[in-house]
Amino acid sequence: MRRLAKWLGWTVVVVALLVAGVYATAWAMSERALSRTWTVQDPPLSDAMANASVEHGRHLFATRGCADCHGADGAGKLLVDAPHVIRIVPTNLTQTVRDAAWTDDRLAAAIRHGVRPDGTPLVIMPTGDYSAMDDHDVASIVAYMRTLPAVEADPGRTQVRPLARVLYLFGKFPLVPAERVDHTPRQRVAPPAAVSVAYGGYVAQVCTGCHGPDFAGGHVLEPGTPPSANLTPHANGLQAWDEGDFLHLMRTGQRPDGRQLHRMMPWKSYSAMQDVELRAMWAYLRSLPPAEGKTRS
């Protein structure tokens, strides 16, 4: 019995040391990632700002996820509070745009590259959704944000908790999206706004943060929520859907079988998209190769 107790005691010690070692490594790796800097050298946004449209920016802010995360007024809010994982609080943009450090080009860098003026990365910012956004669209969003009335409220701060750091260590948590985007200096030009596969792919980029670059879904975005849906024309995706089904879902949040979408799907924002945007998105999704995915749509 003593030998068993001694063996169990040493087992507990070894396990505790392993756990401590994993967490120490996770802390070090995540801190290194959070302190890394990137240099953004995109062409200046000045010409695009001269032709920016505040109304177009308002539309994009409302339909491309900006309002979902930062609030309709841009003042920030508590978005996710997952115990032991992460507390996500998008910033108060009405204060950000009044900070001299945040020039138009720096705001564009935050949107498309996920970095602050000092080059350090933003946490959880879905930069992959916007990395290919063209200059006119980005400039219009920036122009609109600069019209937002100032709100003095402080929504709080994002907190990276232990489990998020461990998941990041094993490549299971997108803590620093700036690590996953192309930072090559380049000009970006959107396809003409038409019901086309090309324009649909441009619009649908905003879906990749949740549904993945292959649109096959299967990503759990918040502990306790269902995996994101498979949007490809596979049997467990949208194979049996038609354009009418898709438009109805995006306008009402209701699937063809009558089930309502989970709250994680921001259909209310997407419902404000123009018909050409939604129909183009559908054309693009139908053009994708079927992927099995991990969940039924």
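This is a predicted model, so every value here is computed, not measured.
Side-chain atoms of D134 come within 3.5 Å of backbone atoms of A190 as a donor-acceptor pair (strictly under, hydrogens ignored). At distances below 3.5 Å, at least one donor-acceptor pair connects side-chain atoms of T96 with backbone N or O atoms of N92. In terms of modelled atom types and a separation under 3.5 Å, the side chain of Q254 and the main chain of L261 share no donor-acceptor contact. Listed for the R87 side chain is no donor-acceptor partner under 3.5 Å among the backbone atoms of Q159. In this structure, H248 contributes its side chain and R255 its backbone to no donor-acceptor pair below 3.5 Å. Side-chain N or O atoms of R98 include one that pairs as donor or acceptor with a backbone N or O of T94 at under 3.5 Å. At least one donor-acceptor pair closer than 3.5 Å links the side chain of H234 to the backbone N or O of N236. Looking only at distances, no side-chain donor or acceptor of T120 sits under 3.5 Å from a matching main-chain atom of R116. With S131 contributing its side chain and R112 its backbone, the two residues share no donor-acceptor pair below 3.5 Å. A donor-acceptor contact shorter than 3.5 Å links the side chain of T127 to the backbone of G114.
Between D257 and R259, at least one side-chain N (NZ, or NE/NH1/NH2) sits under 4.0 Å from a carboxylate O, which counts as a salt bridge. Taking 4.0 Å as the cut-off between side-chain N and carboxylate O, E277 and R64 count as a salt-bridged pair. Using a 4.0 Å cut-off between charged side-chain N and carboxylate O, R186 and D135 make no salt bridge.
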Self-check item: Intermediate values then yes/no, salt bridge (Lys or Arg N to Asp or Glu O under 4.0 Å), E243 and R286
Solution: CA-CA 9 Å; E243 184 185 73; R286 294 303 289 180; over 6 Å; no

Exercise. Please report the C-alpha distance between D42 and R188 in whole Å, then the side-chain angles of each, then the deciding distance to 0.1 Å, and finally whether the salt bridge (Lys or Arg N to Asp or Glu O under 4.0 Å) criterion is met.
Key: CA-CA 10 Å; D42 281 344; R188 302 159 175 84; 3.1 Å; yes

Quiz prompt | R106 vs D118, salt bridge (Lys or Arg N to Asp or Glu O under 4.0 Å): CA-CA, chis, key distance, verdict | solution = CA-CA 9 Å; R106 292 302 186 187; D118 63 1; over 6 Å; no

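Contact of the Y130 side chain with the D137 side chain is not registered, since no non-hydrogen atoms from C-beta on lie closer than 4.5 Å. In this structure, W282 and L247 have side chains that are not in contact, with every pair of non-hydrogen atoms separated by 4.5 Å or more. A 4.5 Å side-chain heavy-atom check between Q260 and W267 finds at least one atom pair inside the cut-off. Taking the side chain as every heavy atom from C-beta outward, Y199 and V195 never approach each other to under 4.5 Å. Residues V203 and M273 have side chains in contact (heavy-atom distance under 4.5 Å, counting atoms from C-beta outward). Residues V54 and R146 form no side-chain contact, since every pair of their non-hydrogen atoms from C-beta on lies 4.5 Å or further apart. With contacts defined as side-chain heavy-atom distances shorter than 4.5 Å, the pair F173/V85 qualifies. K77 places none of its side-chain heavy atoms less than 4.5 Å from the side chain of H70.
The shortest non-hydrogen separation linking A62 to S269 is O-CB, 3.3 Å. Heavy atoms only, all atoms of each residue included: S228 and C210 are closest at OG-O, 2.7 Å. In terms of heavy atoms, A52 sits closest to A143 at CB-CB, 4.0 Å. Here the closest non-hydrogen pair linking I111 and I141 is CD1-CG2, 4.2 Å. Heavy atoms only, all atoms of each residue included: A110 and W102 are closest at CB-CZ3, 3.6 Å. Pairing each heavy atom of A272 with each of H59, the nearest pair is O-CE1, 3.3 Å.
Taking the centre of each ring, W241 and F246 stay at or above the 6.0 Å mark. For an aromatic pair to be called close, the ring centres must be under 6.0 Å apart, and Y144 with F61 satisfies this.
Paired with T158 under the rule side chain to side chain contact (heavy atoms under 4.5 Å, CB included), one option of V123, V80, T91, L78 passes, and it is V123. Exactly one residue among L231, N230, T232 makes a side chain to side chain contact (heavy atoms under 4.5 Å, CB included) with L238. That residue is L231.
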